[in-house]
Amino acid sequence: MSPDASAIRVLIVAEHASARFGGEAALALHYFRVLRQRGIQVWLVTHARTRPELSNLFPDEMRIHYAEDTWLHRLLWRIGSRLPDQISYFTTGFVARLSTQFAQRRIIRKLVETEGIDVIHQPMPVSPREPSTIFGLGAPVVIGPMNGGMDYPPHFRKRRGYAERHLLGLGRWFSQLMNRLLPGKRHAACLLVANERTEEALPKGLCPRVIRLVENGVDLGLWRSADAATGSLRSDDGGAVVTFVFLGRLVGWKAVELLILAFAKARGRAPMRLRVIGDGTERARLEQVAREFNVLATGEADVGTVQFAGWMAQSDCARALQEADCLVLPSLLECGGAVVLEAMSMGKP
């Protein structure tokens, strides 16, 4: 690393920098962690709901600043929890994210003035259409890498109801207007996108400097093959029991109910078990689906059952994947699919 690079003062701003809030939040966390390890002077501004996790990871770190929770955030969360995931993301979730960004602006402006910040990096939200309020704060802003611009495969589009389809169409039109009113992406120094599809999904008239960046990677120190782990356990009759693992958030577009249905049909043909690792708004419904098909495990994942293991730390997820035979990911909308790369790095199908 050159002396000039280590002298750069970077401020990362993200709604969540966390291993618990999905892939994009984990990306913000890893940017901060890795830059910090490499001796870059880096600050982080994120939401206060990640404070317990970050305080545990970085005790006594004075360069993490939090936008506090408000009554508005709590109200929007309560309303959004009653809506379909995609609808809440584009409605109550959108307002909550903007509210967080406006609160972060005050913190960012102060840090730019007092710490001499050279560049502001806003890695989330990853939606190419969502506007940004991070502009005019005294330092150039880099936004991304963004990823998105997808729709359900043609035969699955019926999963969205009539109201949801029309609200999403309205939301895409509305995003064009909001990017005019909140010109963060127009005033950015550059926009980072993960692929051509995402670049094409950007609203018209934004910053012309768009850079395509391969943004998904794997920590090979964590996600590696275990020398002795075979993944296959033995059943009482001496046959191999195949262990399948799903890793991810339990949200609608991950289509875990299709996985449970497939497992319920396949378990009669060979000894197998399924572990569902992760949490989310769909968990209670998915457990009920497994119960209806008589495959829900009440404890450990016995032969022919589905175990809902809940959220796990990355090291525990890596261990679970090492002990499994195969990763399963039935997702219908997947921007990155980092878990696929993690499985591949372990030699798992």
Given V306, which of L296, V276, V256 fulfils the side-chain contact (heavy atoms from CB on, under 4.5 Å) condition?
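Answer to the side-chain contact (heavy atoms from CB on, under 4.5 Å) test with V306 among L296, V276, V256: V276.
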Minimum heavy-atom distance [X]-[Y], with the two atoms named:
X	Y	result
R275	A309	NH2-CB, 3.9 Å
E61	R36	OE1-NE, 2.6 Å
P128	P203	O-CD, 3.3 Å
F263	T305	CZ-O, 3.5 Å
L220	R224	O-CB, 3.7 Å
I277	C317	CG2-SG, 4.0 Å

Same cluster or not: are [X] and [Y] linked, directly or through other Ile, Leu, Val, Met, Phe, Trp or Tyr residues, by side-chain heavy atoms under 4.5 angstrom apart?
X	Y	value
L54	M62	no
M124	W253	no
W77	W71	no
L286	W311	no
V245	L329	yes

Contact between [X] and [Y] at the side-chain level, heavy atoms closer than 4.5 Å - yes or no?
X	Y	result
R63	F58	no
L44	H65	no
V339	W223	no
M272	F244	yes

For the atom pair [atom1] ([X]) and [atom2] ([Y]), what is the distance rounded to the nearest 0.5 Å?
X	Y	atom1	atom2	result
L213	I211	CG	CD1	8.0 Å
S315	D219	OG	CG	11.0 Å
L192	E199	CG	CD	11.5 Å
L321	E342	CG	CD	8.0 Å
F293	R267	CZ	CZ	10.5 Å
D279	M312	CG	CE	11.5 Å

Side chains of H73 and T100: do they bring a donor and an acceptor to under 3.5 Å?
yes
Donor-acceptor side-chain pairing of R319 and Q322 below 3.5 angstrom
no
Output, in order, the C-alpha distance, side-chain angles, deciding distance and verdict of salt bridge (Lys or Arg N to Asp or Glu O under 4.0 Å) for R109 and E113.
CA-CA 6 Å; R109 190 185 298 278; E113 293 174 355; 5.5 Å; no
Test side-chain contact (heavy atoms from CB on, under 4.5 Å) on F308 and R283; report intermediate values, then the result.
CA-CA 8 Å; F308 287 83; R283 179 170 177 175; 3.9 Å; yes
Sub-3.5 Å donor-acceptor pair from the side chain of [X] to the main-chain atoms of [Y], do we have one?
X	Y	answer
T50	S18	no
T114	K110	yes
R97	G93	yes
S225	M346	yes
N179	R129	yes
E15	A96	no
D118	R9	yes
Q101	T133	yes
R209	C190	no
K254	L333	no

Tell me, with the steps shown, if S55 and Y66 meet side-chain contact (heavy atoms from CB on, under 4.5 Å).
CA-CA 11 Å; S55 297; Y66 300 97; 4.2 Å; yes
Share the residues that join I107 in a hydrophobic cluster, the rule being Ile, Leu, Val, Met, Phe, Trp or Tyr side chains under 4.5 Å apart at the heavy-atom level.
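Besides I107, the hydrophobic cluster comprises L11, V13, W43, V45, I108, L111, V112, I117, I120, I134, L137, V141, I143, M146, L191, V193, L202, L206, V210, listed by chain and residue number.
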Please walk me through it: do R249 and E282 pass salt bridge (Lys or Arg N to Asp or Glu O under 4.0 Å)?
CA-CA 9 Å; R249 285 185 296 160; E282 288 280 289; over 6 Å; no
When you check the gap from the basic side-chain N to the acidic O, do R285 and E257 get nearer than 4.0 Å?
yes
Stepwise side chain to side chain donor-acceptor pair (under 3.5 Å) check, Q122 with S132:
CA-CA 9 Å; Q122 186 183 20; S132 169; 2.7 Å; yes
Under the side chain to side chain donor-acceptor pair (under 3.5 Å) criterion, do R197 and N147 qualify, and how do the steps go?
CA-CA 8 Å; R197 180 198 66 232; N147 202 341; 2.8 Å; yes
Only distances under 3.5 Å count here; give the side-chain donor-acceptor pairs of residues 21-35 to other protein atoms, sequence neighbours excluded, each with its distance to 0.1 Å.
from: E24; atom 1: OE1; to: V126; atom 2: N; distance (Å): 3.4
from: H30; atom 1: ND1; to: R33; atom 2: NE; distance (Å): 3.4
from: H30; atom 1: ND1; to: R33; atom 2: NH2; distance (Å): 3.2

Can you check salt bridge (Lys or Arg N to Asp or Glu O under 4.0 Å) on D69 and R49, steps first, answer last?
CA-CA 7 Å; D69 209 8; R49 65 176 65 96; 3.8 Å; yes
In sequence, state the C-alpha distance, the side-chain angles, and the governing distance for E68 and R51, and then conclude on salt bridge (Lys or Arg N to Asp or Glu O under 4.0 Å).
CA-CA 10 Å; E68 298 297 333; R51 182 185 277 121; 2.5 Å; yes
Test M178 against L98 for side-chain contact (heavy atoms from CB on, under 4.5 Å), laying out the working first.
CA-CA 11 Å; M178 291 303 293; L98 283 188; 4.1 Å; yes
Among residues two or more places apart or on two chains, list those pairs meeting ring pair (Phe, Tyr, Trp, His ring centres under 6.0 Å) that have a residue in residues 176-216.
F135-H187
Set out, in order, the CA-CA distance, both residues' side-chain angles and the distance that settles side-chain contact (heavy atoms from CB on, under 4.5 Å) for L274 and Q307, then state yes or no.
CA-CA 6 Å; L274 170 63; Q307 178 201 26; over 6 Å; no
